[in-house]
Amino acid sequence: VPVTIREMSDTQVIQYALMENLQREDLNPIEETEGILDLLALRLSTDREGVVSLLNKLSKAKRGVVADNDVRPSEQQVLAEVFASIGKMSPESFRTHRLPLLNLPSDILDALRAGEIEYTKAREIGKIELESNRMELLETAIKYNLSINQIREKVKALQPSSVGIEVQKLLETTYKRVKKFKVWSNPDKQEKLKSLLAEMEALIAEDK
């Protein structure tokens, strides 16, 4: 069996392993994004937060928001080399399209890690603030393989007014608290809760 033996430092070994991992065909967008961040952090002798800060500085420099010398030429060279070796995206496209994925809610991140949904669709669903609505659309999108345009339409329809958002958030929070509330051993509180639920039922019935 042909074997190639290379002498490498510990840093070079880690870098090589990261590059090999990024070439995997089954790599999901989250793993790829984290892998690129780790590779950049290694090459730049910083951490993930430092890489994100550098990418933001570079973007601002190109837009003239900050001075060009805020990003050292050596750092720009490392960024260029890494993204050229990956060959899939530029530093700016990575910053704008991939980094936001890491801030998505955990339910969407889990679906992305499992390869159940494309990252472009996940980002659209992530725009929904209310957890119940977001999870429902996520499940529907996966089950019926909704297109990106179908998801955008549903996201738009699910965006209530600011007042509506506050009411829905309050309703969800109250529901969670009631489930934990020790009301079942107090007859007076049970009656009060039944009365409030009856009022809610009547309110809902008015819209039918």
Side-chain angles (χ1 to χ4, degrees), residues 18 21-39 48-49 51-52 55-56 86 88-90 92-184 190 193-208:
L18 286 169
N21 193 45
L22 287 171
Q23 303 306 316
R24 282 172 39 207
E25 293 183 0
D26 62 339
L27 202 64
N28 66 59
I30 298 300
E31 290 176 327
E32 185 175 53
T33 301
E34 291 175 334
I36 292 172
L37 272 178
D38 290 338
L39 180 57
R48 289 184 180 183
E49 289 73 19
V51 173
V52 173
L55 289 170
N56 287 332
I86 296 169
K88 294 181 179 180
M89 63 196 86
S90 66
E92 181 61 13
S93 64
F94 177 75
R95 187 188 74 86
T96 56
H97 298 298
R98 287 304 187 88
L99 287 182
L101 297 180
L102 302 181
N103 296 321
L104 288 171
S106 59
D107 50 346
I108 299 181
L109 281 175
D110 290 342
L112 273 172
R113 290 186 188 279
E116 296 175 329
I117 193 169
E118 294 91 335
Y119 78 89
T120 50
K121 297 179 181 180
R123 285 190 61 187
E124 288 298 320
I125 297 173
K127 294 177 181 178
I128 300 175
E129 293 188 28
L130 292 174
E131 181 182 357
S132 56
N133 288 346
R134 188 176 63 246
M135 292 184 67
E136 182 178 356
L137 179 54
L138 178 62
E139 292 173 2
T140 302
I142 293 172
K143 182 177 181 179
Y144 297 103
N145 192 25
L146 298 182
S147 69
I148 186 69
N149 287 332
Q150 288 175 314
I151 290 173
R152 283 172 179 158
E153 290 177 2
K154 292 184 178 295
V155 169
K156 185 178 180 180
L158 286 170
Q159 298 290 15
S161 65
S162 58
V163 175
I165 290 175
E166 291 302 318
V167 172
Q168 290 188 52
K169 283 183 177 179
L170 178 60
L171 185 61
E172 288 188 352
T173 302
T174 303
Y175 171 70
K176 291 177 181 178
R177 290 184 64 187
V178 167
K179 287 178 68 177
K180 298 178 181 179
F181 189 44
K182 295 181 180 179
V183 67
W184 322 116
Q190 285 183 41
L193 183 58
K194 286 170 63 176
S195 175
L196 291 171
L197 288 172
E199 289 183 28
M200 290 181 65
E201 285 289 342
L203 184 64
I204 294 171
E206 292 177 2
D207 291 333
K208 292 182 179 180

Might you point out which heavy atoms bring I142 and A111 nearest each other, and give the distance in Å?
CD1-CB, 4.1 Å

Identify whether the distance between the nearest side-chain nitrogen and carboxylate oxygen of E32 and R98 falls below 4.0 Å.
yes

Would you compute the distance between atom CD1 of I128 and atom CD of E136 and round it to the nearest 0.5 angstrom?
9.0 Å

Assess whether a salt bridge exists between E92 and R95, defined as any Lys/Arg side-chain N lying under 4.0 Å from an Asp/Glu carboxylate O.
yes

Pairwise distance OG1(T140) to CD(Q150) - rounded to 0.5 angstrom:
11.0 Å

Contact check, side chains of L101 and I108, non-hydrogen atoms, under 4.5 Å
no

Value rounded to 0.5 Å, distance of CD in E131 from CG in L138
11.0 Å

Nearest atoms (heavy-atom pairs only) where I117 meets L112:
O-CD2, 3.3 Å

Rounded to the nearest 0.5 Å, what's the gap from CG on N103 to CZ on R123? Could you check?
10.5 Å

Quick check for you: to the nearest 0.5 Å, what is the distance between E34 atom CD and L39 atom CG?
13.5 Å

Step by step, work out the side chain to side chain contact (heavy atoms under 4.5 Å, CB included) result for K121 and N145.
CA-CA 10 Å; K121 297 179 181 180; N145 192 25; 3.4 Å; yes

One pair to check against side chain to side chain contact (heavy atoms under 4.5 Å, CB included): K154 and E124. What are the steps and the verdict?
CA-CA 10 Å; K154 292 184 178 295; E124 288 298 320; over 6 Å; no

I'd like to check V52 versus L37 (side-chain heavy atoms, cut-off strictly below 4.5 Å). Are they in contact?
yes

Can you give me the closest heavy-atom contact between G126 and L104, atom names plus distance?
CA-CD2, 3.9 Å

To the nearest 0.5 Å, what is the distance between CG on L137 and OG on S132?
11.5 Å

